[in-house]
Amino acid sequence: MEVIRTALEPKAAELGLELSVWDAEGQMLPASQASNEFCRFVCASCRQCHSKRAELVQYVLNDGQPSRATGTLGCCLVGIPVFNRRRLIGAVILGYPTRQMGDQESLARLCHTLKLDAQAMAKIAEQSCRHDAVEAPHFLELFSRLLIEQQAANEADNALQSLSTNLASRYEELNLLYHISGSMKVSSQPQEFLQDVCDRILDVMDMEIAAAVVYDVRTHMGEDIIVHTGEDVDTQQLRLLAAIYIVPRLLVPGDLLLENAFDKKHDLYLKGRLDHLIAAPLTIDRKNIGMLFGINKRGQDFDSFDIKLLSSIAGQSSVFLANHRMYAELQDLLMGVLQSLTESIDAKDPYTCGHSRRVAAISKRMAEDMGFDAARTRQVYLAGLLHDVGKIGIPEAILCKDGRLTDDEYNNIKRHPEIGAKILRRIRNLEPIIAGVLSHHERLDGKGYPHGLSGGDIPLEGKIIGLADSWDAMTSHRTYRRGLSLELAVKELQDCAGSQFDPRLVEIFLSWDLEAFTKELHTANTNDPHLLDEQIP
Amino acid sequence: MNEKILIADDEPYILHVLAIKLRNAGYRIVTAMDGEEALATGLAEEPDLIITDYQMPRLSGLELCREYNRQAGRTIPAMLITAREFDIDLNIIATGGIAVVMAKPFSPRQVVQTVERLLNENATTTARI
């Protein structure tokens, strides 16, 4: 009714009509100051006007039809019922003083009764009393139509508001789903992915806390993942809630959890702060591996919109987790194969036990110091690990020969970078490391092999591995000789900087604490996870 | 003559979305924004099927269907579309002749298909979609 008054009041005032708005109980809504000046004076002193209008309102509300009446002082009253979708919601009354009331004679009588200044009122009446009683049916017709139009406009307005609000929410949800699909890169870590998911659902679903738990016993991906966002809460409490309360309720695939009146006897969780709980399982191969859950929707209950959205996001997240696990398993498999390959080279040439691993470790550190990004550093590491893989193709008699090699034998050995590159070409993922393997025996002065490249033509990876290879060969003990002392090896590097080695790399290398580093290299366990737990490029 | 469908929901957007979709499918549509209005509209318009929200002012969707069937003296197929689908007991819902319960947000296309099905066969059991 308030909306109706706001819409009709200016129109009534324009016509010099006094508008009052009444609810379905027949109570008048608080009125603003009368717009008709005459009414303002007269009504202020005349109590009967209000009761006359109330009477008309009762009549209109009972009847559901428009009606007219005459006020005690002769003013005209028009009452129109107001409907909203078939239901009577109130009435409006229009009143106006007629021109007859402004006649000298009636006005004088009126002023006498109400103890008003007749002369002053005469002037006001001239301006305010603009209509005759016979016009009342026209006003009734006019305002009935206005009301119908106004009601239609209001309804359209409400519908538009409802549609827009709903559209905005659905857009928000759609955008969330798009975002999550878009961020499902296998290279991102589950922890980060789930954190992002939690951050986003917290916002879109307007909850106090969003959280995700993934159990390692179900995934074997390393360790339990538990992430949450929103209001400050103890992670341990969420872990408890998940393990004791949610897990048993999400046993069968397809189970969802939605509780809007969380039983207070469970107030051991979150110190009784828990009112609403919503949860959907994360699954791999139709087995539950954890869950996504939300706590306390702000200002209202969780509904089917929320559970549908959450379960859809949990489904997407599950796909990500499954892909990630498969990716991780492939990584493990490939790394395992590469390590076996490396170990089989080292086994073939027993004098060089652990050599590949040490070259890989030195190369990795060099790459880091050169400012390579993580991906390129990994490539250098792997290239270091596999730099001698081509030795598989060299007869053992040559590789293990004591004493001087003939030219033929030496030429045979020189084939190992190319054989290595050929072997690695079979593994598509290892494409980026081939250049490093192929060029690790090139020299800056062009006297290296297999291609006799010089200076800038040699890939940086090859230079790095070449230096690491030489260093490890010089400093490692062999059965037939002791390794060079650090001082001699350093001198050798310095002497060969510019001819065999890139001086920039030598400088970086010599800036390290070589004694400690070399010692660490030679004592490190072959299975040292920091050195070997690397991802493929 | 095309079948007439009564849609009751206190959210105007639901009325609009369903009305447009079902009108385009060839049905005649009447709408109401609460249970009481829906009952009055239903008794006056004699629809062939009711689509109703569960929670509405004045009269719930279930009460609407029960009352309509009682006062009209006949049972017409009905489907419930609700945001509290998880709270719905199918056994109780069946007493209103409601054959289908659908959770919001729904697929308008699926609603049209369900309406077609309900009008073609006289469903005897109540199911969730």
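Every chain is numbered from 1 and lettered A, B, ... according to where its sequence line falls, protein lines coming before strand lines.
Within a 6.0 Å sphere centred on CZ of B:Phe86, other residues, nucleotides and ligands contribute more than 12 heavy atoms. The number of heavy atoms from other shown groups lying within 6.0 Å of CZ (A:Arg298) is above 12. Within 6.0 Å of the OH atom in B:Tyr54, the count of heavy atoms belonging to other residues, nucleotides or ligands does not exceed 12. For A:Arg286, the CZ atom is loosely surrounded, since the number of other residues' heavy atoms within 6.0 Å does not exceed 12.
Contact annotation for B:Asp34: only side-chain heavy atoms (C-beta onward) come within less than 4.5 Å of a heavy atom of chain A. For A:Asp306, no part lies under 4.5 angstrom from a heavy atom of chain B. Residue B:Thr41 touches chain A through both its backbone and its side chain, counting heavy-atom pairs closer than 4.5 Å.
We find the CG-OG distance between B:Leu15 and A:Ser162 to be 8.0 Å, quoted to the nearest 0.5 Å. Interatomic distance, CZ of A:Phe305 versus CZ of B:Phe106, reported as 7.5 Å (0.5 Å rounding).
Checking side-chain atoms of B:Lys104 against main-chain N and O of A:Asp303 turns up no donor-acceptor pair under 3.5 Å.
Residues A:Arg87 and B:Glu36 have side chains in contact (heavy-atom distance under 4.5 Å, counting atoms from C-beta outward). The side-chain heavy atoms of B:Glu11 and A:Asn166, taken from C-beta on, include no pair separated by under 4.5 Å. Side chains of A:Arg170 and B:Tyr13 form a contact here, defined as non-hydrogen atoms less than 4.5 Å apart. Side-chain contact between B:Arg84 and A:Asn260: present, with at least one pair of heavy atoms (C-beta onward) separated by less than 4.5 Å.
Looking at every heavy atom in both residues, B:Pro12 comes nearest to A:Asn158 through CG-O, 4.3 Å.
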Is there a side chain to side chain donor-acceptor pair (under 3.5 Å) between A:Ser304 and B:Glu85? Walk through the geometry before answering. CA-CA 6 Å; A:Ser304 59; B:Glu85 184 256 356; over 6 Å; no
